[in-house]
Amino acid sequence: MFPFLAKYVADSDSFWTSIHPEYWSKHNVCEWLQFCCDQYKLDANCISFSHFNINGLQLCNMTQEEFLDAAGICGEYLYFILQNIRTHGISFFTDVEETKPTNKDCDLLTKLPPDSGVPSSLLTLFCSSVPARDKACERAGGINGQECHSHGRTNLQSSHLWEFVRDLLLSPEENGGILEWEDRGQGIFRVVKSEALAKMWGQRKKNDRMTYEKLSRALRYYYKTGILERVDRRLVYKFGKNAHGWQENKI
DNA sequence: AGCCCTTTTCCTGATT
DNA sequence: CAATCAGGAAAAGGGC
């Protein structure tokens with residue numbers, strides 16, 4: 001595996017980079033989007049997550065116009081990047097890496113269309129994208145998205161607990177029954193295996209002392225910021241107005 | 001160095 | 001009784 005891609009597949013079962021886009025799961029699509037936002041410094045605020053809550057086949061069937069609708073100017077880049085991956089596969093990445101490893105961001109941009117003009121000031125992690133003016137959300141999601149690229153960690157594997165939980169919910173094939181939707185439409189979910197969840201979160205944070213007791217304390221802090229809403233049932237939580245990226249495909 | 005933010009750790013007490 | 005929930009308080013850790 002290519003070193004600079006390692007963080008994207010490090011502890012994941014699905015190696016999206018080695019799967020043809022046509023066969024990507026929804027989760028893979030999300031990973032790809034995060035990769036794009038990270039590597040190409042796309043402003044995720046332009047991207048409508050709900051439009052990309054689809055699998056790879058649906059993604060590949062999207063026209064350039066649909067990409068524009070779903071992500072504005074970013075849609076152009078995303079479309080271009082996707083077509084490159086479909087055509088050149090992993091070599092699209094490796095070429096880039098080998099060309100100028102010390103300045104990959106700038107170099108990657110050279111592979112975008114000449115008139116791209118990718119905004120470099122707004123770096124936002126796709127799955128943390130938030131309404132630009134939503135301050136609470138901003139805090140929770142990290143609107144400047146620095147975590148996207150500056151420290152080889154946690155892009156595809158979300159850095160925040162609620163994103164970790166969300167992504168686990170979005171990939172049922174990977175969460176081993178740890179989390180379950182209680183009411184998908186309303187964003188209500190249940191922690192089925194609390195100890196396993198804590199252990200998994202602990203692995204993510206490289207902290208083998210993590211417990212559900214402590215994890216749940218962190219989750220309760222989300223009530224204040226509107227990431228989660230209180231549900232009056234044991235082990236049941238609900239995404240709040242400031243959580244995003246968990247909704248059903250709205251296309 | 002210092003601030004901000006999220007998460008961790010610990011704790012007391014209530015609830016299921 | 002064991003597990004969970006509720007938050008307060010303080011500290012850790014990372015980013016800027």
Side-chain angles (χ1 to χ4, degrees), chain A residues 4 6-8 10-11 34-35 37-39 41-45 103-105 119-169 175-183 186-246:
Chain A
F4 84 110
K7 64 177 175 173
Y8 294 100
D11 46 2
Q34 287 195 256
F35 168 84
C37 287
D38 181 0
Q39 298 297 317
K41 302 188 172 182
L42 301 184
D43 177 11
N45 288 312
N103 197 354
K104 65 185 177 189
D105 290 333
S120 57
S121 57
L122 294 169
L123 317 176
T124 308
L125 179 62
F126 176 81
C127 283
S128 295
S129 68
V130 293
R133 303 182 181 287
D134 190 331
K135 212 175 176 187
C137 202
E138 203 177 301
R139 287 201 203 92
I143 200 159
N144 60 13
Q146 291 303 327
E147 75 259 55
C148 295
H149 64 96
S150 38
H151 297 283
R153 196 204 133 45
T154 67
N155 285 321
L156 293 193
Q157 312 305 328
S158 307
S159 57
H160 291 134
L161 174 58
W162 74 271
E163 295 169 305
F164 167 77
V165 167
R166 175 199 63 192
D167 293 344
L168 221 43
L169 277 161
N175 84 27
I178 289 175
L179 294 169
E180 267 178 21
W181 287 108
E182 191 104 303
D183 185 327
Q186 292 192 62
I188 299 173
F189 60 93
R190 188 173 69 254
V191 177
V192 181
K193 302 174 185 173
S194 57
E195 277 182 43
L197 178 65
K199 182 175 288 185
M200 198 172 272
W201 175 237
Q203 283 177 342
R204 176 62 48 84
K205 297 292 289 290
K206 302 192 187 332
N207 174 1
D208 53 9
R209 281 116 35 219
M210 183 48 57
T211 64
Y212 178 71
E213 188 67 32
K214 293 187 282 194
L215 183 153
S216 65
R217 180 67 189 95
L219 289 179
R220 288 195 290 276
Y221 271 124
Y222 286 138
Y223 295 147
K224 258 196 292 198
T225 52
I227 296 294
L228 292 178
E229 287 174 21
R230 205 165 265 126
V231 172
D232 207 22
R233 273 180 288 156
R234 291 191 139 202
L235 299 168
V236 177
Y237 299 86
K238 178 182 192 299
F239 286 118
K241 62 180 185 302
N242 290 329
H244 48 84
W246 55 268

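Here is the naming used below: chain letters follow the sequence lines, and residue numbers restart at 1 for every chain.
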Which whole-number value in Å describes the distance from [X] [atom1] to [N] [atom2]?
{"X": "A:Lys224", "N": "B:dC5", "atom1": "NZ", "atom2": "C1'", "result": "12 Å"}
{"X": "A:Leu197", "N": "B:dT7", "atom1": "CG", "atom2": "P", "result": "13 Å"}
{"X": "A:Asp208", "N": "B:dT8", "atom1": "CG", "atom2": "C1'", "result": "13 Å"}
{"X": "A:Tyr221", "N": "B:dC4", "atom1": "OH", "atom2": "C1'", "result": "15 Å"}
{"X": "A:Leu161", "N": "B:dT8", "atom1": "CG", "atom2": "P", "result": "7 Å"}
{"X": "A:Arg209", "N": "C:dA12", "atom1": "CZ", "atom2": "P", "result": "12 Å"}
{"X": "A:Arg190", "N": "B:dT16", "atom1": "CZ", "atom2": "C1'", "result": "16 Å"}
{"X": "A:Tyr222", "N": "B:dT6", "atom1": "OH", "atom2": "C1'", "result": "7 Å"}

Determine: side-chain N/O of [X] to OP1/OP2 of [N], distance under 4.0 Å, yes or no.
{"X": "A:Lys214", "N": "B:dT8", "answer": "no"}
{"X": "A:Trp201", "N": "B:dT7", "answer": "no"}
{"X": "A:Asn207", "N": "C:dA12", "answer": "no"}

Legend entry - Rounded to 10 degrees, the angle between the two terminal axes of the helix from B:dG2-C:dC16 to B:dT16-C:dA2, each from five pairs: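 End axes: 30° apart.
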
Inset, instruction - Would you list the pairs meeting salt bridge (Lys or Arg N to Asp or Glu O under 4.0 Å) in which at least one residue belongs to residues 210-234 of chain A, sequence neighbours left out? - result: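 Found A:Glu182-A:Arg233, A:Glu229-A:Lys238.
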
Inset, instruction - State, to 0.1 Å, how close A:Ala218 and A:Leu161 come at their nearest heavy-atom pair, and which atoms those are. - result: CB-CD2, 3.6 Å

Legend entry - Smallest separation among heavy atoms of A:Val165 and A:Leu179, with atom names: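 In this case the closest contact between A:Val165 and A:Leu179 is O-CD1, 3.6 Å.
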
Inset, instruction - Give me the ring orientation class for A:Phe189 and A:Trp181: parallel if the planes are under 30° apart, tilted from 30 to 60°, perpendicular past 60°. - result: perpendicular

Legend entry - Parallel, tilted or perpendicular: ring planes of A:Trp246 versus A:Phe239, cut at 30 and 60 degrees: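 Geometry flag for A:Phe239 against A:Trp246: parallel rings.
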
Inset, instruction - Using a 4.0 Å heavy-atom cut-off, write out nucleotides 1-7 of chain C from 5' to 3' as B (base contacted by protein), S (sugar-phosphate only) or - (no contact). - result: --BBBBB

Legend entry - Test side-chain contact (heavy atoms from CB on, under 4.5 Å) applied to A:Ala196 - qualifying residues, sequence neighbours left out: A:Ile178, A:Lys193

